[in-house]
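Report on the following structure.
So you know, we letter chains A, B, ... as the sequences are listed, proteins then strands, and number each from 1.
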Amino acid sequence: MIELDDRLRAIRDASRQLAEDLRGRALAIDADPDAMEEHLNSDVFELFRITETPAEFREALPAGLKLPRGAAMEERGNCLTNAVSLIEAARGDLATVLACPAPGLPGVVVEVLGDHRQREVFFRALHGGRTWPFFAMTEPAHGSDAGAMETRFEPDGAGGWLLFGSKRFIGNAARGGVGVVFGRTGRSAMSIRAALVQLPAPGWSGVRLDTVGLRGAYLSELVFEGVPVPGEMMLGGHLPVAQRGLWGALKTFNQVRLRVAAGAVGTALAMVDYVAEHRKTAPGLDVAVARAEAAREALYEAAARLDRKPDRAYWSSAVKLAAVEMGVSTGRWAARVMGPGGLLEHPLLEKWTRDVCAFEFMDGTSNMQRLHVERGYQTGDADG
Amino acid sequence: MSISTLPQTGMAECERIGREAGVAAGLAAALSGISVPDSAPGRYAAVPMESPDEGAAVLHHRLAAAEGVVFLECPGQGPDSGPAWAEAGRLLAAVRLGVLRRALDQAVEHLSGRQSGGEPLIRKQLITGSIADVMAGTEMLRAYAQTQGGQAALADIHTRLDVLGWEVLKLFGAAGYLSDGPGRALYVSTLAAGTWVPREEVPE
């Protein structure tokens, strides 16, 4: 079991202080994910963006805005720190967190694959809090099967590239902004590369996909028809060949998976909190709380292990697989114990029962995680 | 306890309507002949969009409205209000079986057109296992709904249907999460059943 030290407890408590604000925005964003004006530059969005930005590219906090009590500006990259913080934020409302124009997952990839100039372009583009980042991997025909990727970069004859292809289920991408797009420069697995792309751009189109839940994520479909990408925006050129593209980004996918699991755990905790507040005598409440808290502990453990061995998929996959099933079943339990029609009387809870289903489909379905878990078991990662 | 009080043809018809015409048409069949305000156990009852009288207080839900379903405000008779909601609940179980089967058919079609590692997804063992589990669960629940009419059994049947619906939804991958896709009917059928069948005490 992971014992949180003073620093991690302070991070957890600071995130908890933001949860109520996130919750207060949740239903409005669910109803209309395009109506973001009232949320942009709010204190909570400013804090998320600025604290997630690496120190060298970080804006000063706006006058009058203070960090939550006990919080400090952290450097990024530690999975356990991120897990502790994200679970508490998701306990507020994860869709609202995902609607916030903060570095998030694209920022993780840019930090791993980007050189100094590319990181500067990406993080400075987010200054001001009105530009969203995105991370474009999944394709319409092949899901997250990177080996079958069809999106391609073709040389433009002048040292740059032209981007062709389409991506689907990409968070915030149709809002425009700056993001990472994966595509092929050739046929081998080594030729799957990532570029920093700023939108809108000639040859680009994007639409929001209307989803059942987690609508703040603004999942989008993108089409690229010869979008120009300057040569210096191809990520990873300064890295050894084997680490320039997909292979270099692989270890970040384990982090991504753990963040998705944190979303499931945090949303489950939000639902049990809600039921405990509104129906104190709900049958099964003790068990629902115990299961969600146990999942949180398992996630802490997986995060600590990932910090030690970033390229091992076993723990993040095992925890994602279990956390999603726990989260979805917690939603079904919450719907039952609130009584007939109870979800309609409690729209925030109803929203979370929809939201929690999204985590099944993000960064690999449960069947994909099963394959990773079985492989990790066979190779000894479960015992290592 | 076997207390079948409904003709099985009625249940078969509701399942057929659910499969062929969807949630709202199935709901209309399941609720025909009963007084919704006098039967509904909770403060809201799922009904077909066209059924409430003009001026009746209804709650609209984005996904339910797209399926042709609204929620009628009701006095809320409570779970002990007797057999009225139980009869509707049994027929609604049949409707949900039809909706589930329709979604499974769509999932199989979806999976047949997608490949991973050069092989159709429909041939992957994890997928075929899921499909088999859903069909086995469907057969069991049909017999369950036809032969067991007690309120506890009915609550269990609908809880099993919730779980089975989730298993079908997962087969679509992220496409199952689109508001204009088959996931919507599964979600709305679950939400509708939640207004008609009390099940606070049912564990999974």
Side-chain angles (χ1 to χ4, degrees), chain A residues 30-32 138 140-145 147-148 168-169 209-215 217 219 221 279 281-284 287-288 324-325 328-333 335-345 347 350 353-355 357-368 370-371 374, chain B residues 40-46 59 61-64 66 71 73-74 76-79 85 113-118 121 124 126-127 129-130 155 158-159 162-163 166 169-181 183-184 186-187 190-191 193-204:
Chain A
D30 184 67
D32 186 358
T138 302
H142 305 290
S144 51
D145 181 3
R168 202 172 196 210
F169 302 113
L209 299 168
D210 195 15
T211 53
V212 167
L214 209 71
R215 287 157 60 78
L219 297 181
E221 182 155 16
R279 183 133 194 246
T281 58
V287 172
V324 168
E325 202 53 43
V328 172
S329 68
T330 298
R332 289 194 295 259
W333 163 80
R336 293 196 301 276
V337 299
M338 294 307 283
L343 284 187
L344 297 159
E345 296 179 52
E350 189 272 334
T353 67
R354 287 184 280 115
D355 287 355
C357 297
F359 306 122
E360 164 66 17
F361 311 115
M362 299 171 79
D363 197 54
T365 62
S366 287
N367 278 345
M368 293 302 299
R370 288 185 176 100
L371 298 176
E374 191 275 341
Chain B
R43 281 191 51 219
Y44 293 98
L59 183 90
H61 181 284
R62 176 178 62 91
L63 298 170
F71 299 94
E73 280 191 25
C74 294
Q77 305 295 340
W85 68 257
R114 291 177 74 86
Q115 295 210 335
S116 178
L121 280 176
K124 302 282 185 187
L126 285 170
I127 299 287
S130 295
H158 278 279
T159 301
D162 292 348
V163 175
W166 173 239
L169 192 63
K170 285 192 287 186
L171 291 170
F172 288 96
Y177 204 55
L178 295 175
S179 291
D180 60 357
R184 184 181 71 203
L186 288 170
Y187 181 77
T190 301
L191 197 59
T195 69
W196 278 104
V197 185
R199 42 201 159 125
E200 288 91 327
E201 303 287 345
V202 181
E204 280 189 14

(message) Below 4.5 Å, heavy-atom pairs only: which of B:Leu63, B:Val163, B:Ile127 has the largest tally toward chain A?
(response) B:Val163
(request) Pick one of side chain, backbone, both or neither for B:Arg62, based on which atoms fall under 4.5 Å of a heavy atom in chain A. (result) side chain
(message) Need one label for B:Thr190: side chain, backbone, both or neither, based on atoms under 4.5 Å from any heavy atom in chain A.
(response) neither
(message) With a 4.5 Å cut-off on side-chain heavy atoms, are A:Val328 and B:Lys170 touching?
(response) no
(request) Using non-hydrogen atoms and a 4.5 Å limit, figure out which bit of B:Leu191 sits close to chain A: side chain, backbone, both or neither. (result) side chain
(request) Using non-hydrogen atoms and a 4.5 Å limit, figure out which bit of B:Arg114 sits close to chain A: side chain, backbone, both or neither. (result) side chain
(message) Would you say that B:Asp180 contacts A:Asp210 through its side chain, given a criterion of any heavy-atom pair below 4.5 Å between the two side chains?
(response) no
(request) Heavy-atom distances under 4.5 Å only: say whether A:Ala148 touches chain B with side chain, backbone, both or neither. (result) neither
(message) So, using side chain to side chain contact (heavy atoms under 4.5 Å, CB included) as the criterion, who are the partners of A:Arg168 when residues are at least two apart?
(response) A:Pro140, A:Leu209, A:Glu221, B:Leu178
(message) Do A:Asn367 and B:Lys124 have side chains that approach each other closer than 4.5 Å (heavy atoms only, starting at C-beta)?
(response) no
(request) Please identify each residue that fulfils ring pair (Phe, Tyr, Trp, His ring centres under 6.0 Å) with B:Phe71, with sequence neighbours left out. (result) none
(request) Looking only at non-hydrogen atoms, find the nearest pair between A:Pro340 and B:Thr195 and report the distance. (result) CB-O, 3.8 Å
(message) Quick check for you: among B:Val197, B:Thr159, B:Leu121, which has the greatest number of heavy-atom pairs under 4.5 Å with chain A?
(response) B:Thr159
(message) Could you check whether any side-chain N or O of A:Arg336 sits under 3.5 Å from a backbone N or O of B:Val202, counting only pairs where one atom can act as donor and the other as acceptor?
(response) yes
(request) Please report the shortest heavy-atom distance between A:Phe169 and B:Ala175, naming the atom on each side. (result) CZ-N, 3.8 Å
(request) Could you look at A:Leu344 and say if it's the side chain, the backbone, both or neither that has a heavy atom under 4.5 Å from chain B? (result) both
(request) Among the options A:Pro347, A:Gly342, A:Gly339, A:Gly284, pick out the one with the most heavy-atom pairs lying under 4.5 Å from chain B. (result) A:Gly339
(request) Determine the option with the most heavy-atom pairs under 4.5 angstrom with chain B, choosing from A:Arg370, A:Arg279, A:Glu360. (result) A:Glu360
(request) Measure B:His158 against the heavy atoms of chain A and call it side chain, backbone, both or neither at under 4.5 Å. (result) neither
(message) Nearest 0.5 angstrom please: A:Glu374 CD to B:Leu126 CG, how far?
(response) 10.0 Å
(request) Evaluate the criterion side chain to side chain contact (heavy atoms under 4.5 Å, CB included) for residue pair B:Glu204 and A:Trp333; output intermediate values, then yes/no. (result) CA-CA 8 Å; B:Glu204 280 189 14; A:Trp333 163 80; 5.7 Å; no
(request) Identify which part of A:Leu214 has an atom lying under 4.5 Å from any heavy atom of chain B, answering side chain, backbone, both or neither. (result) both
(request) For the pair B:Tyr187 and A:Thr353, evaluate side chain to side chain contact (heavy atoms under 4.5 Å, CB included) and give the outcome as yes or no after the intermediate values. (result) CA-CA 10 Å; B:Tyr187 181 77; A:Thr353 67; 3.7 Å; yes
(request) For B:Tyr177 and A:Cys357, work out which heavy atoms get closest and say how close. (result) CE1-CB, 3.9 Å
(request) Quick one: do B:Trp166 and A:Ser329 satisfy side chain to side chain contact (heavy atoms under 4.5 Å, CB included)? Show the steps, please. (result) CA-CA 10 Å; B:Trp166 173 239; A:Ser329 68; over 6 Å; no
(message) Between A:Ala31 and chain B, with a heavy-atom cut-off of 4.5 Å, which part of the residue counts as in contact: side chain, backbone, both or neither?
(response) neither
